[in-house]
Amino acid sequence: MLEAFVLATILCGFFGIIFKKNLVMKIVSMDVMSTGVIAYYVVVASRDGLLTPIISKAKNVAYADPVPQAVILTGIVIGFSIQALMLVGVMKLARDNPTLESNEIENNNTP
């Protein structure tokens, strides 16, 4: 059930990127899709074990792998930096164009 909601989030972001014409909405849709992918990765990675890999007296228990946690943190940082870079690009486009609709920007800049 949780996987279905996560996959629905990914699809909502994907369809938002395709069907929205406003550049800011495309960036928000990409962020929604990125969040869904990260959530799906966390859901899949959490099945291996629930305990942290710290030295303890417990024997033969399933530990959570710390590598996916590091990958997810890296993915979050990279996603945030890409989103900030895209927003700066949209701000520069907004200086020259009165609108942020992608169709109108293409029509205005096509020779």
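This chain uses plain numbering: 1 for the first residue, then up along the sequence.
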Following the transitive rule for hydrophobic clusters with a side-chain heavy-atom cut-off under 4.5 Å over Ile, Leu, Val, Met, Phe, Trp and Tyr, establish whether [X] and [Y] coincide in one cluster.
| X | Y | result |
| --- | --- | --- |
| Ile78 | Ile27 | yes |
| Ile18 | Ile10 | yes |
| Phe80 | Val90 | no |

What is the distance from atom [atom1] of [X] to atom [atom2] of [Y], rounded to the nearest 0.5 Å?
| X | Y | atom1 | atom2 | result |
| --- | --- | --- | --- | --- |
| Ile17 | Asp31 | CD1 | CG | 10.0 Å |
| Phe5 | Leu2 | CZ | CG | 8.5 Å |
| Lys92 | Leu87 | NZ | CG | 13.5 Å |

Go through the steps to decide whether Thr35 and Thr9 satisfy the test side-chain contact (heavy atoms from CB on, under 4.5 Å), and finish with yes or no.
CA-CA 8 Å; Thr35 302; Thr9 304; 5.6 Å; no

Ile76 and Ile72: side-chain contact (heavy atoms from CB on, under 4.5 Å), yes or no, with the steps?
CA-CA 6 Å; Ile76 290 169; Ile72 290 302; 3.9 Å; yes

Would a distance-only check, ignoring hydrogens and angles, find a side-chain to backbone donor-acceptor pair under 3.5 Å from Ser34 to Gly79?
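Side chain of Ser34 to backbone of Gly79: no pair is present.
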
Is the backbone N or O of Thr99 less than 3.5 Å from a side-chain atom of Asn97, with the two atoms forming a donor-acceptor pair by type?
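Such a contact is absent between Asn97 side chain and Thr99 backbone.
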
Contacts of type side-chain contact (heavy atoms from CB on, under 4.5 Å), residue [X], not counting sequence neighbours:
| X | result |
| --- | --- |
| Val67 | Asp65, Val71 |
| Phe15 | Leu11, Phe19 |
| Leu73 | none |

Only one of Met25, Lys20, Lys21 passes side chain to side chain contact (heavy atoms under 4.5 Å, CB included) with Ser102; say which it is.
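With Ser102 as partner, Met25, Lys20, Lys21 yield a single side chain to side chain contact (heavy atoms under 4.5 Å, CB included), made by Lys21.
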
Residue pair Lys26, Leu23: steps toward the side-chain contact (heavy atoms from CB on, under 4.5 Å) verdict:
CA-CA 5 Å; Lys26 284 184 180 274; Leu23 294 177; 4.3 Å; yes

Pair Met30-Met86, side-chain contact (heavy atoms from CB on, under 4.5 Å): steps then yes or no:
CA-CA 11 Å; Met30 193 182 113; Met86 286 190 302; 3.4 Å; yes

Shortest non-hydrogen contact from Ala94 to Leu100?
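Ala94 and Leu100 have their closest heavy atoms at CB-CD2, 4.0 Å.
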
